[in-house]
Amino acid sequence: MSRPPNHEFQEWWNKLRANGHTDEHLSTSTSENTGFLTLEINSPTSTAAAAAAEEKDRSRSARQLSWIYLQKLHQIAHSLAFLTSGFISVIRTANRRIATAFSSPQRSQSKFYRIIKFFLLLSLFLLFVELIAYFRGWHFSPPTLEREDLVEYIYAKWLIIRANYLAPPLQSLTNVCIVLFLIQSVDRLVLVLGCFYIKFRGLRPTAEGGEDNVVKEYPMVLVQIPMCNEREVLFSDAAQVYQQSIAAVCVQDWPRERMLIQILDDSDDTDVQSIIKAEVQKWQQRGVHIIYQHRLIRTGYKAGNLKSAMNCDYVKDYEFVAIFDADFPPAPDFLQKTIPYFQGKDDLALVQTRWSFVNKDENLLTRLQHINLTFHFEVEQQVNGWFINFFGFNGTAGVWRIKALEDCGGWLERTTVEDMDIAVRAHLCGWKFIYLNDVKCLCELPESYEAYKKQQHRWHSGPMQLFRLCFNDILHSKVSVFKKANLIFLFFLLRKLILPFYSFTLFCIILPLTMFLPEAQLPFWVVCYIPGLISILNILPSPRSFPFIVPYLLFENTMSVTKFNAMISGLFRLGSSYEWIVTKKLGRSSEADLVAIMESESVPLIENGVLRSSSESGLTELNKLEMNKKMGRKTRNRLYRKELALSFILLTASVRSLMSAQGIHFYFLLFQGITFLVVGLDLIGEQVS
């Protein structure tokens, strides 16, 4: 029986619908399963409570947003205060160094600096002309020769001279540099692909003893540590450097009767000589075969030192010689890991190991150096060693077969890159080289820009000296045509001459000039894409350095000034090309290893009173040196005029680029000019208070 309809409820429902109040008090829904209509009645009291809660949530959200905005403002204010403080500190430092530079005696101006200064004056004059033309509107409607105004007539004549006589030769030079740039880029790409091939195939040199490098017999090994203590090293932690290197070679895992250590001291300071002698005597009393040798006539720098040591009569009893610079303490198993590669390979002359840097994270300068040297060892040395069995000897952390040294004429004093010299001559005599990428020797990177600049000058002037001297020897040698072409075109011309030439000419001279001579065009892909690609290739072996890719690109262009100047000096036999300055080091190489060595060797010092007195005498000499160091001249940061002049050239060109609305060129010139300014003020690297 059906239920009778409720007419009263129906009338109430229709009245609510007619007045439009159903949404305030009621809500309906239809059940999916039953099909019945569900009615929910909301009272005015519950609606008011919901509205109050919603208003409370809104006020709470507003307070939270206000707090977030206050935090953001606080962070922004803190960042602005930090940047302002840093900027003021930089300005004060720059002002202090400029004042110091003006108060110090003026140095003579080199020809290269005078040329750069001429380009600076020329760029300032051209910018002044272009500013006049810009404010007169001549950039939009150039004046013609028919104008009666003298200034307009001169500017119109300048436009004709610029387009017909100045822009064509500049465009030709630009095209030549672009071609050289592309060739060098292809060379870098091929080297990286070769490195990937070696890594992918798992290729590495093999010794006769197999993977374990077991030494079947212990040949006679001579270990040499050439040392030179000039004024730059005397007032650093030189004694600590010497102590590390001597201790490291004395604890080599090699029979003592089969090894002789030569300490080749070229120091000209009697205090340092006394320290080294005391250290040598200490190890002699422990039974180590070690001798101290000092030259009275210090000629030929490092090459003369090594040549003098090899002329000793007892050298004929030894088969191999391991060479370590004073700041390269080897691991105790260095000889165990390198000598086995000579066994069964009578044509092998050199086993070169990799450098590992203990201070690569010290500052921005050492990080950027680490990128370059990692590419050199990981890519260049490894690829050349595997595919053509030749590369440049790095001067340290390597083992030579003495017969090979004698066969190619021994050490010569004709250049400042004696290591590259002897490697090239050994290669021309048919000897082969092996590079071990997994055997590392600890060393230091120069932490100051002054030391790094002097090092790079020597490294880039010496190869040009050597190329000039050995060019005829390469042509008349008995090696294959391929090896001759590799030496001349790749090893010397492309990587030692063309690289610094186009890098400096293209980005420091041509690019600014094209801003003032717009008829000569430098494509934006040459300014942006290709340098970026090359920087990525260079940084691939050290992926942790990718955050520094932009500073690396800008800093490499900045260093092109020093490298170009060194290359020209070496090629044309200018005076500075034969300058040899020992790179200043701070004695940080393997400090922990040195402590461990001294702890393991401390028992004889306690048991033997003679040895204790020897050590105490060394400490006395060390204290004396420390006093002399405190009384010696103080190091300081300085200004670099070439870099400062080039920074003003690039910044002037960036203003001209901004007037022409050339975006990529403007940003490149701006940031490159700022980089030159930072380097010129010596704000990169070690800061001496």
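Please read these numbers as outputs of a predicted model, since none were measured by experiment.
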Is it true that atom [atom1] of [X] has more than 12 heavy atoms of other residues, nucleotides or ligands lying nearer than 6.0 Å?
X      : atom1 : result
Lys440 : NZ    : no
Phe387 : CZ    : yes
Phe112 : CZ    : yes

What about the rings of Tyr529 and Phe524, do their centers lie closer together than 6.0 Å? yes

Could you tell me whether the side chain of [Y] reaches within less than 4.5 Å of the side chain of [X], counting heavy atoms only?
X      : Y      : value
Tyr435 : Arg354 : yes
Glu444 : Glu362 : no
Phe125 : Val129 : yes
Trp525 : Ile530 : yes
Phe181 : Leu506 : yes
Asn486 : Phe390 : yes
Glu418 : Glu413 : no

Closest heavy-atom pair and its distance - [X], [Y]:
X      : Y      : value
Asp325 : Thr396 : N-OG1, 2.8 Å
Ala451 : Pro446 : CB-CB, 3.9 Å
Thr353 : Phe377 : O-CE2, 4.1 Å
Gly570 : Met464 : C-CB, 3.7 Å
Ala397 : Gln352 : O-NE2, 3.3 Å
Lys484 : Leu475 : NZ-O, 3.0 Å

Under 30°, 30 to 60°, or over 60°: which ring-plane class applies to [X] and [Y], parallel, tilted or perpendicular?
X      : Y      : result
Phe492 : Phe467 : tilted
Phe555 : Tyr452 : parallel
His427 : Phe433 : tilted
Phe668 : Phe507 : tilted

Is a side-chain donor or acceptor of [X] paired with a backbone partner of [Y] at a separation under 3.5 angstrom?
X      : Y      : answer
Asn175 : Gln171 : yes
Ser461 : Ala566 : no
Gln382 : Cys195 : no

As an exercise, state the distance from [atom1] of [X] to [atom2] of [Y], rounded to the nearest 0.5 Å.
X      : Y      : atom1 : atom2 : result
Leu646 : Ile116 : CG    : CD1   : 4.5 Å
Thr652 : Leu121 : OG1   : CG    : 10.5 Å
Leu170 : Arg162 : CG    : CZ    : 11.5 Å
Met515 : Ser123 : CE    : OG    : 13.0 Å
Gln465 : Arg414 : CD    : CZ    : 10.5 Å
Leu127 : Arg656 : CG    : CZ    : 8.5 Å

Working note: Leu639 + Asp682, criterion side-chain contact (heavy atoms from CB on, under 4.5 Å); need CA distance, chi angles, decisive distance, verdict. CA-CA 6 Å; Leu639 297 181; Asp682 201 5; over 6 Å; no

Under 3.5 Å donor-acceptor pairs involving side-chain atoms of residues 539-552, not counting sequence neighbours:
{"unit_1": "Tyr552", "atom_1": "OH", "unit_2": "Asn372", "atom_2": "OD1", "d": "2.8"}
{"unit_1": "Tyr552", "atom_1": "OH", "unit_2": "Asn538", "atom_2": "ND2", "d": "3.1"}

Enumerate, atom names and distances included, each donor-acceptor pair closer than 3.5 Å involving a side-chain atom of residues 671-680, sequence neighbours excluded.
{"unit_1": "Gln672", "atom_1": "OE1", "unit_2": "Asn557", "atom_2": "ND2", "d": "3.0"}
{"unit_1": "Gln672", "atom_1": "NE2", "unit_2": "Leu554", "atom_2": "O", "d": "3.0"}
{"unit_1": "Gln672", "atom_1": "NE2", "unit_2": "Thr558", "atom_2": "OG1", "d": "3.2"}
{"unit_1": "Thr675", "atom_1": "OG1", "unit_2": "Phe671", "atom_2": "O", "d": "2.7"}

Assess the residue pair Asn565 and Phe504 against the criterion (side-chain contact (heavy atoms from CB on, under 4.5 Å)); give the C-alpha distance rounded to whole Å, side-chain angles, the decisive distance to 0.1 Å, and a yes or no. CA-CA 9 Å; Asn565 186 27; Phe504 172 74; over 6 Å; no

Answer yes or no: is there an ion pair linking Lys302 with Asp419, defined by an N-O contact shorter than 4.0 Å? no

